[in-house]
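By convention here, the first residue in the shown sequence is residue 1.
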Amino acid sequence: MLLLSTFFSCIKHEDAYVEGDDSAKKKEEYDKGFPVKDIDPKQDWNLAEQFIVNVSVNYGRDGEYTIKIYSDNPRNADVKAYLLGKYAVKDGSTNALLIDGLSSLENVYVCCVDAAEGSMMKKCEIENGKVSVTFGGVPGRRSVSERGDVVSSGRGGMKRLNPKDIYELVKPNEGIFREGHTPSDLSVLNSYEFKSTGKFTIYPVFGLTKGNDEVGFYYYDPKEGLSSRKEVSLTKIESKKGNLLDLNFYEEALDNEMAWVSWEFAQVGYGVSDLKAAKGLRSRAFYINVPKGNMVGFWVKNQSYELYSNSKLNQNNKEYSAVIYNENNNPEYIGLEDWPTGDNDCNDIIFYIAPDEDTAPDVVDPEKPLEKESMSWIIACEDLGSVGDYDFNDVVFSVSHVSGESTAVVTPLAAGGTLPAKILYGGKEIGEIHELLGGSNTSTMINTSSWGKAGNPITITVGADFTMSSGDMGGFSLKIGDGTATITAPGKGKAPQMICVPGDWQWPTERTSIVVAYKGFGEWGANYGTSQDWWQKPTGNVIKRNN
């Protein structure tokens, strides 16, 4: 019966667009039998949407940066983070960058990559189709000397902090800076620098060491490179002398007044458990004031070792430091390790970072950001050869494109029709789907009962305004049969012969209607903007690719 079904399906395909046949009647029959009734008048059958990413770069240094925009956190190996856009921008500029993303996309991750391949990343929420993000602070602010000759660090005023917050950092078995555990979290970088946006302030808040350490920072102009760095000492920690960081805790005295108690390193005085009970914490400020756009890193030195926050400065590129930052790329805590053969928990000294208004330094990953797969889309079509089995596998191909680039890659995926079907972009022929998949004739269906392999990728040139979210689905179309019949993107609210879905989609097997393969498809078609994840939830037979 399966063979007979396939045979008659092929016969119907071959009879579709013969000379003299009324294709308009075929389309009328197709529309009448389309399994989604009451199609939403706004439905365009396209899950791609174009977003605007407004990016400002204001580091006060001449030069160019690369902006990379991802669908998810590219540093998280547990998620698929696709590269959506890649643009070159100049320092001091504001740019409206366009990207294609899934219509249900709520956030993007924007990376600003400098000439040394260091990247700064910010998570940005999409609001009304737009994103706004600034690297380098607010334009026009001059909160720090930009002559390049002023570097000031010193002991400033006292700041009261909540010891409970510090306790959560070093809490046994849980805290990111807990004893005996190398900090590891999506909000942590173990090799890092800061790119200065103005003066910022750090406060020592915890220390657990028996070493005699000197702690400081270095800075350099990124144009001159890491080897040109200048080093500045902040303070020395001498465990034998106790508290040299003006770090105090307070508790309630007998007369109900606050009694300040000095913190001493080397587990003298207050320990981790005492943090939980402490009423308050007071620490003296250290101001870091380097030219805007300079790179800043931290170091610990003792009688035996020098350990840096940028692993490139350490022996064998090992990591002995950690910074915790929030989703807007603002650093919150710095943890430093003072011994290379120890537990590497980076809690020998911890600083809290309190930037001045609008001058939070940007966290920089000194390593080149991970290269991620570009976002791809699938165009899946019905050719009317069998009038309508609605399996959307007659012609299937993917389109990969990174917004900002002048090329796209078309990859043939499946041919479920038995009529000649030519893929066109901008009216120019790319190739016939069966031939592109290695078929010797059009009567053989390919990749519709099981997965074999894709056709060879084809690179095409596209315009700067190329988008898959447009009403013509990127400008792709098909010519069927003798070339007189054309399939294009459907009008809004019309029964489609072409749909645009994300590149991970699994198309239905031969003669499996799309509403059987995906029950959510019908709800999406009848209610635009809902059930947009239908393509991830197959309920019938689909083609599962080996990728």
Side-chain angles (χ1 to χ4, degrees), residues 75 77 113-121 151 153 169-170 176-196 202 204 206-239 265-266 286 288 290 294-325 331 333-351 353 361-370:
R75 293 174 181 154
V113 185
D114 61 25
E117 300 291 354
S119 65
M120 297 136 281
M121 183 174 70
V151 177
S153 64
L169 289 177
V170 298
I176 293 179
F177 285 124
R178 63 185 179 271
E179 184 69 14
H181 170 77
T182 301
S184 58
D185 187 273
L186 284 179
S187 63
V188 169
L189 279 178
N190 295 101
S191 178
Y192 65 90
E193 289 178 333
F194 300 145
K195 188 177 283 285
S196 172
I202 63 174
F206 184 81
L208 203 58
T209 180
K210 294 182 179 179
N212 295 325
D213 299 331
E214 184 177 3
V215 182
F217 70 91
Y218 64 87
Y219 69 99
Y220 64 93
D221 186 329
K223 288 184 177 180
E224 298 176 3
L226 188 58
S227 61
S228 68
R229 67 187 183 279
K230 301 177 179 66
E231 297 192 351
V232 179
S233 178
L234 291 174
T235 188
K236 291 184 178 181
I237 304 170
E238 297 183 29
S239 60
F265 279 74
F286 290 89
I288 298 178
V290 304
N294 268 212
M295 309 301 291
V296 180
F298 289 85
W299 51 262
V300 174
K301 298 179 181 180
N302 52 48
Q303 64 271 23
S304 302
Y305 299 102
E306 298 180 2
L307 304 178
Y308 292 84
S309 64
N310 185 339
S311 64
K312 293 178 181 178
L313 293 172
N314 296 327
Q315 187 174 9
N316 299 322
N317 292 324
K318 288 190 176 181
E319 299 169 344
Y320 302 109
S321 186
V323 61
I324 300 176
Y325 61 95
Y333 293 96
I334 303 168
L336 303 173
E337 183 73 20
D338 67 359
W339 207 258
T341 58
D343 45 23
N344 203 23
D345 46 28
C346 302
N347 66 16
D348 294 340
I349 180 168
I350 299 175
F351 290 98
I353 304 177
D362 286 331
V363 180
V364 179
D365 184 346
E367 301 299 323
K368 185 176 181 179
L370 295 175

**Any side-chain heavy-atom pair of Tyr308 and Ser191 under 4.5 Å** = no
**Request:** Start with the C-alpha distance between Leu336 and Asp348, add both sets of side-chain angles, then the distance that settles side-chain contact (heavy atoms from CB on, under 4.5 Å), and finish with yes or no.
**Result:** CA-CA 6 Å; Leu336 303 173; Asp348 294 340; 5.9 Å; no
**Message:** Do Phe194 and Val323 make a side-chain contact, defined as non-hydrogen atoms from C-beta onward lying under 4.5 Å apart?
**Reply:** yes
**Message:** As a quick check of understanding, evaluate side-chain contact (heavy atoms from CB on, under 4.5 Å) for Val170 and Ile350, giving each step before the final call.
**Reply:** CA-CA 10 Å; Val170 298; Ile350 299 175; 3.9 Å; yes
**Message:** Could you check whether any side-chain heavy atom of Asp343 comes within less than 4.5 Å of a side-chain heavy atom of Glu337, counting everything from C-beta outward?
**Reply:** yes
**Request:** Enter the distance from Asn302:CG to Asp338:CG here, rounded to the nearest 0.5 Å.
**Result:** 6.0 Å
**Prompt:** Between the main-chain N or O of Pro366 and the side-chain N or O of Ser119, is there a donor-acceptor pair closer than 3.5 Å?
**Reply:** no
**Item:** Identified side chain to side chain contact (heavy atoms under 4.5 Å, CB included) partner of Pro183 from the options Leu169, Asn190, Asn347
**Value:** Asn190
**Asked** Would Lys195 and Asp114 satisfy side-chain contact (heavy atoms from CB on, under 4.5 Å), going step by step from the backbone distance to the final call?
**Response** CA-CA 10 Å; Lys195 188 177 283 285; Asp114 61 25; 3.9 Å; yes
**Item:** Taking every non-hydrogen atom, the tightest pair across Val290 and Val296
**Value:** CG2-CG2, 3.6 Å
**Asked** Is the backbone N or O of Tyr192 less than 3.5 Å from a side-chain atom of Ser309, with the two atoms forming a donor-acceptor pair by type?
**Response** yes
**Prompt:** To the nearest 0.5 Å, how far apart are CG in Asn294 and CD1 in Ile288?
**Reply:** 12.5 Å
**Request:** Measure from the side-chain N and O atoms of Asp221 to the backbone N and O of Lys223, and report whether any donor-acceptor pair falls under 3.5 Å.
**Result:** yes
**Message:** Quick check: do Met295 and Tyr218 have side-chain heavy atoms less than 4.5 Å from each other?
**Reply:** no
**Item:** Inter-residue atom distance Asn344.CG - Ser321.OG, 0.5 Å rounding
**Value:** 9.5 Å
**N/O donor-acceptor pair under 3.5 Å between Ser311 side chain and Glu319 backbone** = no
**Ionic contact status for Glu193 with Arg229, cut-off 4.0 Å** = no
**Asked** With a cut-off of 6.0 Å (strictly less than), are more than 12 heavy atoms of other residues, nucleotides or ligands near CD of Glu117?
**Response** yes
**Asked** At what distance, to the nearest 0.5 angstrom, does CD of Glu306 lie from CG of Leu313?
**Response** 10.0 Å
**Item:** Student check: side-chain heavy atoms of Ile176 and Tyr333 closer than 4.5 Å
**Value:** no
**Message:** I want to check something: taking the side chain as every heavy atom from C-beta on, are Asp365 and Met121 in contact at a cut-off of under 4.5 Å?
**Reply:** no
**Item:** Side-chain heavy atoms of Asp345 within contact of Phe177, under 4.5 Å
**Value:** no
**Partners meeting ring-ring contact (aromatic ring centres under 6.0 Å, His included) with Tyr305 (sequence neighbours left out)** = Trp339
**Asked** What heavy-atom pair brings Val363 and Met120 nearest, and what distance separates the two atoms?
**Response** O-CG, 3.3 Å
**Request:** Decide side-chain contact (heavy atoms from CB on, under 4.5 Å) for Phe217 and Ile202; before the verdict, give the C-alpha distance in whole Å, the side-chain angles of both, and the deciding distance to 0.1 Å.
**Result:** CA-CA 11 Å; Phe217 70 91; Ile202 63 174; over 6 Å; no
**Request:** Taking the side chain as every heavy atom from C-beta outward, state whether Val215 and Phe298 have any atom pair closer than 4.5 Å.
**Result:** no
**Complete:** Here the gap from Cys346 atom SG to Tyr320 atom OH, rounded to the nearest 0.5 Å, amounts to 10.5 Å
**Glu224: which of Pro222, Ser228, Ser227 passes side chain to side chain contact (heavy atoms under 4.5 Å, CB included)** = Ser228
